[in-house]
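Taking it in order: structure first as structure tokens, then the write-up.
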Amino acid sequence: MRPYSFYAMLSRMKYIGRWGLMRNSRQENLSEHTLEVAYFAHALAVLEGADPARAVLCALYHDCPEILTGDLPTPVKYFDADIRQSYKRVEAEAARRLLATLPGDLAQALAPSFFEADPLVARIVKAADKLSALVKCVEELKMGNDDFSRAKQAQLEALHALKMPSVERFLQEFLPAYELTLDELNPPRL
């Protein structure tokens, strides 16, 4: 029987650092980021009236191709459209290669999470990904790391540009709590 490497490959996400070109007060890995994106995607899907389970599954697998491609050191948005399209093709091929490390029935079941067909779910995951980046910026700034000030502004602009009510609500109702101390976050006793 052939050993399948899919889950062993996914476990490598904890070794892939994010924000490679930025000075970090606290290093964040791809596994941590993915979990946060899944939490945010769940909330946004509920608020948007989309299928939360589908959004969470897509969020869990959204950055898996980076296991094979690595994280781009320069934000893709600075590249021209041809390079961005080329990178999307590279990511799609990496996703196909990862799925090929599963038995056929599991690969078929997981493929929709890698290649989401519903545009709303795809937008939700994109928004959740940007929210996670914004939270990282807020946390770094709170620790006195001004290297993240422009990144924070860029993430806020990108999130507002999505024009999603769920994102605006998240920014108003949940983002301010990231500025609080643990004592201020602690819920009152019943």
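As the structure is a prediction and not an experimental result, all values here were calculated from the model. Computed over heavy atoms, backbone and side chain alike; hydrogens, waters and symmetry mates excluded.
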Legend entry - Pair Gln172, Glu168: side-chain N/O donor-acceptor within cut-off below 3.5 Å: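 Side chains of Gln172 and Glu168: no pair found under 3.5 Å.
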
Inset, instruction - Check whether any side-chain heavy atom of Trp19 lies under 4.5 Å from a side-chain heavy atom of Cys137, and answer yes or no. - result: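 Side-chain contact under 4.5 Å: yes.
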
Legend entry - Leu60 and Val37, any side-chain heavy atoms less than 4.5 Å apart: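 No; the side chains remain at least 4.5 Å from each other.
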
Inset, instruction - Might you confirm whether atom CZ of Arg97 has over 12 heavy atoms from other residues, nucleotides or ligands at distances under 6.0 Å? - result: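 Counting neighbours around CZ of Arg97, 12 or fewer heavy atoms of other residues, nucleotides or ligands fall under 6.0 Å, so no.
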
Legend entry - Check: Thr181 main-chain N/O paired with Glu184 side-chain donor or acceptor under 3.5 Å: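 Yes, the answer is positive, given that a donor and an acceptor are paired below the 3.5 Å cut-off.
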
Inset, instruction - Could you note down all residue pairs passing salt bridge (Lys or Arg N to Asp or Glu O under 4.0 Å) where residues 135-149 supplies at least one of them, sequence neighbours left out? - result: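 Sorted pair list: Arg23-Asp147, Lys136-Glu140.
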
Inset, instruction - Return each pair, listed once, that meets salt bridge (Lys or Arg N to Asp or Glu O under 4.0 Å) where at least one residue sits in residues 34-56; pairs must be two or more places apart or across chains. - result: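 For residues 34-56, and leaving out neighbouring residues, the salt bridge (Lys or Arg N to Asp or Glu O under 4.0 Å) pairs sorted by first residue read Arg54-Glu116.
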
Should [X] and [Y] be regarded as members of a common hydrophobic cluster, given that ILVMFWY residues are connected when their side-chain heavy atoms come within less than 4.5 Å of each other, either directly or indirectly?
| X | Y | value |
| --- | --- | --- |
| Leu141 | Leu156 | no |
| Leu185 | Leu131 | no |
| Phe114 | Leu57 | yes |

Legend entry - Counterpart residues, salt bridge (charged side-chain N to carboxylate O under 4.0 Å, His left out), relative to Arg169 (two or more places apart):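 Arg169 satisfies salt bridge (charged side-chain N to carboxylate O under 4.0 Å, His left out) with Glu173 once adjacent residues are dropped.
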
Legend entry - Glu32 with Arg26: basic N within carboxylate O range, under 4.0 Å: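 Between Arg26 and Glu32 there is a salt bridge, with a charged N closer than 4.0 Å to a carboxylate O.
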
Inset, instruction - List the atom of Ala95, the atom of Phe115, and the distance in Å for their closest heavy-atom pair. - result: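 For Ala95 and Phe115, the tightest heavy-atom pair comes out as CB-CZ, 3.6 Å.
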
Legend entry - Shortest non-hydrogen separation from Ala59 to Thr34 and the atoms involved: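 The pair with the smallest heavy-atom distance is O-CG2, 3.7 Å.
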
Legend entry - Test side chain to side chain contact (heavy atoms under 4.5 Å, CB included) applied to Asn186 and Leu182, step by step: CA-CA 6 Å; Asn186 200 9; Leu182 180 59; 5.6 Å; no

Inset, instruction - Mind checking the CZ-CD spacing from Phe148 to Gln155? Nearest 0.5 Å is all I need. - result: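 Taking CZ in Phe148 and CD in Gln155, the distance rounds to 10.5 Å.
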
Determine all donor-acceptor pairs shorter than 3.5 Å in which one atom belongs to a side chain in residues 119-128; sequence neighbours excluded.
unit_1, atom_1, unit_2, atom_2, d
Arg123, NH2, Leu162, O, 2.3

Could you pull out all donor-acceptor pairs under 3.5 Å where a side-chain atom in residues 100-110 meets a protein atom, sequence neighbours excluded?
unit_1, atom_1, unit_2, atom_2, d
Thr101, OG1, Phe6, N, 3.3
Thr101, OG1, Leu98, O, 2.5

Could you list the donor-acceptor pairs under 3.5 angstrom formed between side-chain atoms of residues 9-16 and any protein atom two or more places apart in sequence or on another chain?
unit_1, atom_1, unit_2, atom_2, d
Ser11, OG, Ala8, O, 2.7
Lys14, NZ, Ser11, O, 3.1

